[in-house]
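For the single chain, residues carry numbers from 1 onward in sequence order. Source: prediction; values computed, not measured.
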Amino acid sequence: MNNPWNNIKLDDYENHMKLDSVQQLQTLHDIMYRQFYCYPASTIMILGIAGGNGLDHIDRDKIQTVYGIDINRGYLEECIKRYPALSRTFVPIHADLRAEDITLPEADIVVANLLVEYIGYDHFQRVIQKVNPLYVTCVIQMNIDSSFVSYSPYLHLLKGLEKDHHQVCEHELFQVMSEIGYKFIYGDEYTLPNGKKLKRLDYQR
C-alpha cells in the first residue's frame, strides 16, 4: 500500500502529537472517552487507530468489540502489545480506507478523528455506508494558517502527509453525511495551545 503513513514511525508521530505546543494526543484521548460512551453501543470501529490512543477507556463489560482500522500494519501490532487486556475485545484490521473494494464489518459507532482529512469525502462516505453505523463521531482540525501538520521538531519526519491532506469544512461534512442519510446531532470545540482548534461533529442515521 503506497501511502505516506506506512513510512512514519509511530514514536515520531506520537511524540509530535503530544508536544506541549501541540497537545493533540492528550486532547483526543479525553474526547474519545465521550465518543465511546455518549451513545448506546456494543461495537465500536476506530478509523485510523495508529497506536491505540483512547483504547484504555474501553470497558469490556460495556463494549463487546472494538475494531481498529489502519493502513500501517506495525501500528496495529503495537496496539495489540499495548493493550493485552483487550485481547478478546480488540480486532485489528489492516486496510486502506481509500481502496474501492474494501470490506469492513458493521459497528454501532464509527470514530473518525483527524481521518477525513487524509482520505477525502468520497472515500469516507463509502466507508460509512459499508460499516452502516447508527452513530458517526468525527474530530476535524480547524487551522489558523494553511498548514495542517503543526510545526514541531518532528516535522521533517512527517514529510509526505501534507500532500495527502484534504481540507475539511464543517458545512461540507454536514452535506456529505446528509447525502448518505445521517443528520448532525452534536458538536463541540477544543482550542489547542498553538491556536488551532479541534471540532467534534456527531451524526446519527
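- Between the Thr43 side chain and the Asp108 main chain, a donor and an acceptor come within less than 3.5 Å of each other.
- Between Gln167 and Glu117 there is no side-chain heavy-atom pair separated by less than 4.5 Å.
- Arg60 places a side-chain N or O within 3.5 Å of a backbone atom of Ala85 that can act as its donor or acceptor partner.
- The aromatic rings of His57 and His29 lie tilted to each other, with the angle between the two planes from 30° to 60°.
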**OP:** Evaluate side chain to side chain donor-acceptor pair (under 3.5 Å) for Asn113 paired with Arg200, printing each intermediate quantity in order.
**Re:** CA-CA 8 Å; Asn113 295 340; Arg200 175 181 163 189; over 6 Å; no

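- The two residues Gly48 and Asp70 have their closest heavy-atom pair at C-OD2, 3.4 Å.
- Between Glu77 and Arg73 there is no salt bridge, since no side-chain N of the basic residue sits under 4.0 Å from a carboxylate O of the acidic one.
- Follow the hydrophobic side-chain contacts under 4.5 Å out from Val176 and you reach Val110 in the same cluster.
- Closest approach of Cys79 to Ala50, counting heavy atoms only: SG-O, 3.2 Å.
- The side-chain heavy atoms of Tyr75 and Ile8, taken from C-beta on, include a pair separated by under 4.5 Å.
- Side-chain atoms of Ile63 and Tyr37, non-hydrogen and from C-beta on, do get closer than 4.5 Å to each other.
- Classification of the Phe184-Phe174 ring pair by plane angle, with boundaries at 30° and 60°, yields tilted.
- Among Lys196, Glu14, His16, Gln141, the one residue that satisfies the side-chain hydrogen bond (donor to acceptor under 3.5 Å, both in side chains) test with Gln24 is Gln141.
- Judged by the 6.0 Å distance and 45° axis criteria, Lys199 is not positioned over the aromatic ring of Tyr190.
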Subject >> Glu100 and Arg126: CA distance, side-chain angles, deciding distance, salt bridge (Lys or Arg N to Asp or Glu O under 4.0 Å) verdict >> reply: CA-CA 8 Å; Glu100 297 291 337; Arg126 184 174 62 251; 3.4 Å; yes

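- Clustering ILVMFWY residues whenever any of their side-chain heavy atoms sit less than 4.5 angstrom apart, transitively, puts Leu86 in the very cluster that holds Ile80.
- Inspection of the Gln23 and Asn194 side chains reveals no N or O donor paired with an N or O acceptor under 3.5 Å.
- The two residues Phe124 and Met177 have their closest heavy-atom pair at CE2-SD, 3.7 Å.
- Side-chain atoms of Tyr121 and Glu172 form a donor-acceptor pair, as typed in the model, at a separation below 3.5 Å.
- The closest side-chain heavy-atom distance from Ile69 to Leu97 is below 4.5 Å.
- The side-chain heavy atoms of Ile46 and Phe36, taken from C-beta on, include a pair separated by under 4.5 Å.
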**OP:** Starting from the C-alpha separation in whole Å, work towards a yes-or-no answer on side chain to side chain donor-acceptor pair (under 3.5 Å) for Tyr13 and Asn15.
**Re:** CA-CA 6 Å; Tyr13 173 63; Asn15 286 334; over 6 Å; no

